[in-house]
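The structure appears below as structure tokens.
Numbers here simply count residues along the sequence, with the first being 1.
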Amino acid sequence: MSAKNQGACPEEPVPVPSKSEQTRALILETAMRLFQERGYDKTTMRAIAQEAGVSVGNAYYYFAGKEHLIQGFYDRLAAEHRQAVRAVLDRETDLEARLAGVLRVWLDVATPYHEFAVQFFKNAADPDSPLSPFSPESEHAREEAVSVHREVLAGATRTKVPEELRDVLPELMWLSQMGLVLYWIFDRTEGRERSYRLAERGARLTARGVSLSRFRLLRPLVHEVHELFTDFLPGMTRVLPDPGRERGRGDGE
């Protein structure tokens, strides 16, 4: 063995997806394509199975229904985003740069799915739909996204976040990202250029707001913001039951 090769660590083999993982991915990819081509409502599990070349029973084995396919899409998008933001979070320590980078990367990762997002948005916008990003079914993908924003704050070493805001800011930042997603869905500018500009300016405004919150003069406002979001943020993302609906259901029993 030559001196050049002595001590060299062999490269770790790239894991090969199992046949089960390949089948699951094939079904998901096929569903995404058909949802985009035909629309979510007009695409059936039978059509997805037929197009993917698997039995209907096999399709249901991997995904219990169309809603579960969308959850699979959410999970995959969240995983791709988390992996793609690694370079930004490892490099930047400034809060604005970290947040802007995370939002830009999300837009980059989501670009191939833009037309698909337009197709099924009307379903996802229904607060009672399991496709809603606020639904219990979307909890895993939602928590993945919120955890990215927790990391954004934790690594912003040049910014001191008031203690009162540390627990609510990541979720608030995720809600702001959802606003960006909504804008992106309707953005028809070339390359979604306005969405990228919105991401930059939103990150700048957030960073400046956090910096200003340290001043003693603004402490009462910080406390008020904390109380507001403590009361309402968890309610939005956990989709609290509608008291009116619960009363109506009780009257009918």
Nearest atoms (heavy-atom pairs only) where [X] meets [Y]:
X      : Y      : answer
Thr30  : Ile48  : CG2-O, 3.7 Å
Ala84  : Val105 : CB-CG1, 3.4 Å
His149 : Pro170 : CB-O, 3.7 Å
Ile185 : Ala117 : CG1-CB, 4.3 Å
Ser138 : Tyr74  : OG-CE1, 3.6 Å
Asp126 : Ser132 : O-CB, 3.7 Å

Check this for me: does any side-chain nitrogen of one of [X] and [Y] sit under 4.0 Å from a carboxylate oxygen of the other?
X      : Y      : answer
Lys42  : Glu37  : no
Glu193 : Arg197 : yes
Glu96  : Arg208 : no
Arg82  : Glu151 : yes
Arg98  : Glu92  : no

Does any part of the side chain of [Y], heavy atoms only, come nearer than 4.5 Å to the side chain of [X], both counted from C-beta?
X      : Y      : answer
Arg150 : Met173 : no
Trp106 : Val181 : yes
Arg33  : Glu51  : yes
Leu107 : Arg192 : no
Arg158 : Leu95  : no
Leu99  : Leu103 : yes

[atom1] ([X]) with more than 12 external heavy atoms under 6.0 Å:
X      : atom1 : value
Arg86  : CZ    : yes
Glu190 : CD    : no
His68  : NE2   : no
Glu139 : CD    : no

Among the clusters formed by ILVMFWY side chains lying less than 4.5 Å apart, do [X] and [Y] turn up in the same one?
X      : Y      : result
Met32  : Leu26  : no
Leu198 : Leu182 : yes
Tyr60  : Leu34  : yes
Tyr61  : Leu69  : yes
Leu28  : Val56  : yes

Sidechain-backbone polar pair: [X] side chain, [Y] backbone, donor-acceptor under 3.5 Å:
X      : Y      : value
Ser129 : Ala125 : no
Lys66  : Thr44  : no
Arg46  : Thr43  : no
Tyr40  : Phe116 : no

Is a donor from one side chain sitting under 3.5 angstrom from an acceptor on the other, for [X] and [Y]?
X      : Y      : value
Gln71  : His140 : no
Ser20  : Thr23  : no
Arg142 : Ser135 : no
Tyr196 : Asp187 : no

Does Gln50 form a side-chain contact (heavy atoms from CB on, under 4.5 Å) with Met45? I'd like the steps, not just the answer. CA-CA 9 Å; Gln50 182 176 359; Met45 286 293 286; over 6 Å; no
Establish, yes or no, whether a centroid distance under 6.0 Å links the rings of Phe73 and Tyr113. yes
Partner residues of Phe63 under the ring-ring contact (aromatic ring centres under 6.0 Å, His included) criterion, sequence neighbours left out: none
Side chain to side chain donor-acceptor pair (under 3.5 Å) involving Asp94 - partner list, sequence neighbours excluded: none
